[in-house]
Structure formats: structure tokens, C-alpha cells
Number of protein chains: 2
Amino acid sequence: MGYWLKHIKKLHANGLCPIDICMGSARKQQKIAEREEGLLTQAHELVDQVGFAGLTIDKLVKTATCSKGTIYNHFSSKEDLISALSIRSLNIVIDLFDKAIQFPGNARERALSVIFAYQLYSQLEPTLFMCVMSAKTPAVMEKTSPERLSIMQEKELQLTAVCDQLFESGINEGSLKSEIRTVADLTFAMWALSFGSNALLMNAKAAQGIDRLDQKNALLSNANLMFDGMQWQPLAQDFDYQKTWQRLEVFFAEYIELLPV
Amino acid sequence: MGYWLKHIKKLHANGLCPIDICMGSARKQQKIAEREEGLLTQAHELVDQVGFAGLTIDKLVKTATCSKGTIYNHFSSKEDLISALSIRSLNIVIDLFDKAIQFPGNARERALSVIFAYQLYSQLEPTLFMCVMSAKTPAVMEKTSPERLSIMQEKELQLTAVCDQLFESGINEGSLKSEIRTVADLTFAMWALSFGSNALLMNAKAAQGIDRLDQKNALLSNANLMFDGMQWQPLAQDFDYQKTWQRLEVFFAEYIELLPV
DNA sequence: CGTCAATTTTGACTAATCGTCATTTTAGTA
DNA sequence: TACTAAAATGACGATTAGTCAAAATTGACG
């Protein structure tokens, strides 16, 4: 692999602008970074067209303006490409979370906002959501480059940090007791519930097995169960979180408009 | 594909004995069914040896006593084989759940028993657990035969039925109110939490990212949060579920012995 | 501006793997 | 034993992943 690519691709996946690092070949690096973005976009479109099973590097080469060898300069394998898409996916979630925590309301409402954002993302970008599911699969992980694996881990840390922050603000606010469980435990619970709910919903949608569920409110319902279990004030019986959920639809209106009908 | 195989493999995957259906070629069918079991076992071992990414049909042929064509009579693709392993996996879970609901205790304790069993299984059979994760992945689903897909769906229904039953017995027992949420909603919440927790734990173990968590008690902790949120009596503050968790280790002792140290 | 070394791109090539199917073998039946 | 339906075989064609020697590009420097 080329000298610069080794560095650039990691920098870029992190969202850094390589120009800052070395002025010498700034333009070249920029071009390379842009190409990687383009390749990822094309790969995304390709998956939408032919499915994950139908994704091949040769097909990607056909749509791309560069050659196969160059693609392999960016991604060490097909699975590495999936992981790169997963990282792009995580970046989107991070952006959404950044917006979510700015929702005006008490700490528990802001936590709900994050859960709302996560569901929103899973519906806005089903393919990318599937990418992060796939990237958690051993067959993909085993063939993902170590650099990308560690980037993914770092991104996930960023996401859990947001949750940590929420619970801490709940504790500071006085609405949440910190005696029984650590913040890390609470974050794990919230994360597991969100991930599990969205994964199952996504899958159930494909299998037509969720007639028994009110999908739109499943996440709100689950979140209320969990936060009530944490004794996070105000409890669902004392507060209209349904209304919060509706306010969230307004708060995220610009994204909701993009949802497929 | 051979005439009988078409029927047999579905019957067998369902756990039915083909002998019941037609006496004519009973022995032949039995042999075919046994071979499928053998192939699955060998595939499982192969994955343990070379990883999911290294699993190939050719390697399976080498360890098997039959030819490639015969393997393709059983499994329409490599992905179909993964799904077949996933079904085997689900059968194990079903057996464990059958035992779990016999745990002596109140309804909430029995629900805890099911969650315990699920975690036990994810630790006892990490490879098979990964199979069901992989089988939920689009790349695998897209290449799985429709017959097997519907079997998987059916198996999952069986599992949710166990949860439904638990919540209903809680309602009958009087420890759980049924006004706010349907049993289906509660089952979904419990299922999402269990699946999400185990999936994340499994992944985190690989990524060494759970130093911040007491892994052994994470599931108990999460379950308590959720069941408390359901107002399922007795609440965690009024009952020593830690003790129940320990009793469960005794109840499942024969399986726990098998856990890797 | 031309030269040169360092870097990147290219796509033909190899190796590996999937999945098929014409042929052979087996099992059951009369 | 002869006959037939079903199943097993493995050589084969097709597809795909991933490589690498050679060509092209870049940018630095005299």
C-alpha cells in the first residue's frame, strides 16, 4: 500500500482533515480522501441495488472511476469495506446524538431524545444500520483491518460517552440516584436495550413478524420501562412522555421528512 | 435435489422423525437425517478451527465422508448452512428454556431463570450464538432457502411463546398488572434486552471493552431494571434476586460445569 | 524546464471458491 | 435377478477475491 494512503485513510475515517498534518502533498491527500468517500457512497448504493450478498469488488470497480488495485489500497478486503461503511454509519449516529442531547427538557427527556435519535437513524439508514450489525459479525470482523477495528471501537466509545454524560446529568439534576448502579452499568443497559430493540425490529420487519407490536411506540415503551426501573424521576406515571415523543418528532422534523413513506 | 431430501430435510430440521411419514424408505431417510446432523457438527468444529471467514464448502468436504454434491443436497449455499447451524442453536435454546421455566419460584424468578438460561447458552455455545447473529444478517438471509427461513421464524415464535407464558403467569399470579402494556410488548422488551445484552457482551469480550462492566451480573442487573420498570412484584428492593441468581447457578449446575474456565 | 526519485495507479493474472450437472452408484421392489 | 427411482459423485465452468510487475503520476530540485 502507498505510503500516504496508510496514514490518510485512518485520518480521514476519523473525520480529520489531512491538510492539517502535512502541507507537502495536501492536494493529493485531499483527492484520495474524497475518493474514499466516493467509493463508500457507491458501495452503499450498490448494496441497495444488489443486496449485501450481491456486493462484489468487481461490481464496485465498474461503477467507480478508479481501478481494482486502487480500491484495494483503500480497503484491505470486501469485509473491510463493510466495516468502513459501518464507521460512516457510526459517524452519522454521533452527529444525531449531538443534536439529540440539545433537546430542551429534563435529563430523562434528553435520554429519550437519544433513543429517539437512534431509532430515527435505524429507519433513515437501514442499510448502514445493517452494516454495523454485519460488522459485528465474526466473518466480517475477522477480515477487517486492525486500524479500522480500533476506529470502530473508538467511535462506539464516543457513543457510550454520550450516554454516560446523560446519566451523570441526571444524577446532578437529582432525578437519578447513583447508589445502586454505576453509570457504566446504566449506559450498558440503555445501549443493550436500544441496540436489541432496533435490531429485532429491523429483522422482524423483514420477516413480517411484528404485527403483534405497535412498532412506532415500541422504543418509547421500552425506554420507559427501563428508566422507570432505574427510578429515574419523573416516572412514566407522573409525566407525559408520549408528549415528549411527539415533541421529539418536531425537534427532529428535518430528518423525519426524509423518512420513506 | 433428490425427491426425498426435499421433504426429509425440512422434517428433520423440525425435529420430526421422518420414519413416521413413510415406511417405504425409512432407513434411507434416517441415514440422510443422521448425515445432516453429522455435517452440522463438522461445520461447527470447522468454524471453531478456522473461523467464520475461513469456512468453505471445500474444507467441509474434506472432513466429511460424502461429496460436495451431497452437501449441496442438504444446504443450498454456504449461508444456508450457517442458517441450519442457527436452527440447531435455537433448538438448544428451546431445550434450555424448557428447563428454565421449571425453576421453582415466583413468576418473576422464573423469568429471571429464562434470562439466565439465555446467557448460559450464549457462553456455552458462543459459536452457535454467533451463528444466529450471522443468520440475522442480510448477506446470510438473502442466500438462505425459504424453507429454512420459515423454520427459523417458527423457532423464534416458540421462544417468544415461552416469554408470553411467563408474563401471563405473572398476571395470573397477581404480581404483574396487565393494564398498561400487552404481553407482546413485555415479551418484546425482555427479548430485546436479552438479545442486546448478550450480543454486546459477546462483542465487547472480543474487543476487550468491558473492563468497565461486571459481566457476570450485567444480565441480572439489566433484568432487574426492566422487571422493576414493569412493576413486577416483588421489586428488586424487596427481594434478594442476587440469591435467586445463585440458586440458578445450582439449578443449572450440570451446564455450568461445561463452561470454559 | 527537464530530470529524477518517490508514490500511486493500473488491470491482467493467479488462486480460491462457489455451485452445477452428466454420469455412476445405491436401495428398494417385483 | 432385473429393473427403476432416488441419491451420490467429483470433474468442470463460472465467478470472485486479492496480487503485483509495470506504467503513470506527482512534486522537488537543480
Side-chain angles (χ1 to χ4, degrees), chain A residues 1-9 18-19 22-36 38-39 43 46 50-82 139-140 142-145, chain B residues 1-9 12 18-19 21-36 38-39 43 46 50-82 139-140 142-145:
Chain A
M1 183 182 299
Y3 169 77
W4 272 110
L5 266 174
K6 278 187 197 163
H7 297 271
I8 298 321
K9 81 173 184 184
I19 289 179
C22 171
M23 285 301 293
S25 43
R27 219 176 314 151
K28 193 191 278 190
Q29 299 158 44
Q30 175 92 22
K31 227 178 78 184
I32 290 174
E34 274 165 16
R35 187 175 50 210
E36 183 152 321
L39 284 171
L46 200 52
V50 299
F52 277 91
L55 174 66
T56 67
I57 300 289
D58 283 326
K59 282 180 195 155
L60 184 58
V61 171
K62 262 183 205 134
T63 73
T65 53
C66 64
S67 71
K68 186 187 265 202
T70 300
I71 290 179
Y72 274 95
N73 277 346
H74 287 277
F75 313 107
S76 67
S77 66
K78 194 173 84 170
E79 287 76 14
D80 202 41
L81 171 62
I82 298 283
V140 174
E142 288 163 10
K143 300 194 76 181
T144 295
S145 63
Chain B
M1 184 182 300
Y3 169 77
W4 272 110
L5 266 175
K6 279 187 195 161
H7 297 272
I8 297 322
K9 81 170 184 186
H12 183 263
I19 289 179
I21 313 302
C22 170
M23 285 300 294
S25 44
R27 218 175 314 151
K28 195 191 276 189
Q29 300 159 44
Q30 175 92 23
K31 228 177 78 185
I32 291 174
E34 275 166 13
R35 187 174 49 211
E36 184 152 321
L39 284 172
L46 200 52
V50 297
F52 276 91
L55 173 68
T56 66
I57 299 289
D58 283 325
K59 282 181 196 154
L60 184 58
V61 171
K62 263 182 206 135
T63 72
T65 52
C66 63
S67 72
K68 185 187 266 202
T70 300
I71 290 178
Y72 273 95
N73 277 346
H74 286 276
F75 313 106
S76 67
S77 68
K78 194 173 84 169
E79 287 75 13
D80 202 41
L81 171 62
I82 297 283
V140 174
E142 287 164 10
K143 300 195 76 180
T144 296
S145 61

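In what follows, every chain begins at residue 1, and chains take the letters A, B, ... in the order their sequences are listed. Keep in mind it's a predicted model, so treat the numbers as computed, not measured.
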Any side-chain N or O of A:Arg35 less than 4.0 Å from the OP1 or OP2 oxygen of C:dT8? no
Counting just side-chain N and O atoms, does B:Thr70 come under 4.0 Å of either OP1 or OP2 of D:dA7? no
Pairs: protein N or O with nucleotides 16-19 of chain C N or O, under 3.5 Å:
unit_1, atom_1, unit_2, atom_2, d
C:dC18, OP1, B:Ile57, N, 3.2
C:dC18, OP2, B:Ile57, N, 3.2
C:dG19, OP1, B:Lys143, NZ, 2.7
C:dG19, OP2, B:Tyr72, OH, 3.1
C:dG19, N7, B:Lys68, NZ, 3.3
C:dG19, O6, B:Lys68, NZ, 2.9

Over how many whole Å does the gap from B:Ile32 atom CD1 to D:dT9 atom P extend? 11 Å
Between the opening five pairs and the closing five pairs of the helix from C:dC1-D:dG30 to C:dA30-D:dT1, how far apart are the helix axes, to 10°? 10°
Donor-acceptor pairs are to be reported for all side-chain atoms of residues 51-62 of chain A against protein atoms at under 3.5 Å, with residues two or more places apart or in another chain.
unit_1, atom_1, unit_2, atom_2, d
A:Thr56, OG1, A:Lys59, N, 3.1
A:Asp58, OD1, A:Lys68, NZ, 3.0
A:Lys59, NZ, A:Gly54, O, 2.6

What pairs of nitrogen or oxygen atoms, one from the protein and one from nucleotides 20-25 of chain D, lie under 3.5 Å apart?
none

Given atom NZ of A:Lys62 and atom P of D:dA17, what is their separation to the nearest angstrom? 11 Å
In whole angstroms, the gap separating P of C:dA27 from CD of B:Gln30 amounts to 15 Å
Output for pair (A:Glu36 CD, A:Thr70 OG1), nearest 0.5 Å, gives 12.0 Å
To the nearest Å, how far apart are A:Leu60 CG and D:dT16 P? 13 Å
Backbone N or O of A:Lys143 within a donor-acceptor pair of the A:Ser77 side chain at under 3.5 Å? yes
Assess the residue pair A:Lys31 and A:Arg35 against the criterion (side-chain contact (heavy atoms from CB on, under 4.5 Å)); give the C-alpha distance rounded to whole Å, side-chain angles, the decisive distance to 0.1 Å, and a yes or no. CA-CA 6 Å; A:Lys31 227 178 78 184; A:Arg35 187 175 50 210; 5.6 Å; no
What one should report as the nearest heavy-atom pair of A:Asp80 and A:Phe75 is OD2-CA, 3.6 Å
When you compare the side chain of B:His74 with that of B:Leu81, does any pair of heavy atoms fall below 4.5 Å? no
Look at A:Asn73 and C:dT8 and indicate whether a side-chain polar atom (N or O) is within less than 4.0 Å of OP1 or OP2. no
Rounded off to whole Å, could you give me the NE2-to-C1' distance for the B:His74 and D:dA7 pair? 10 Å
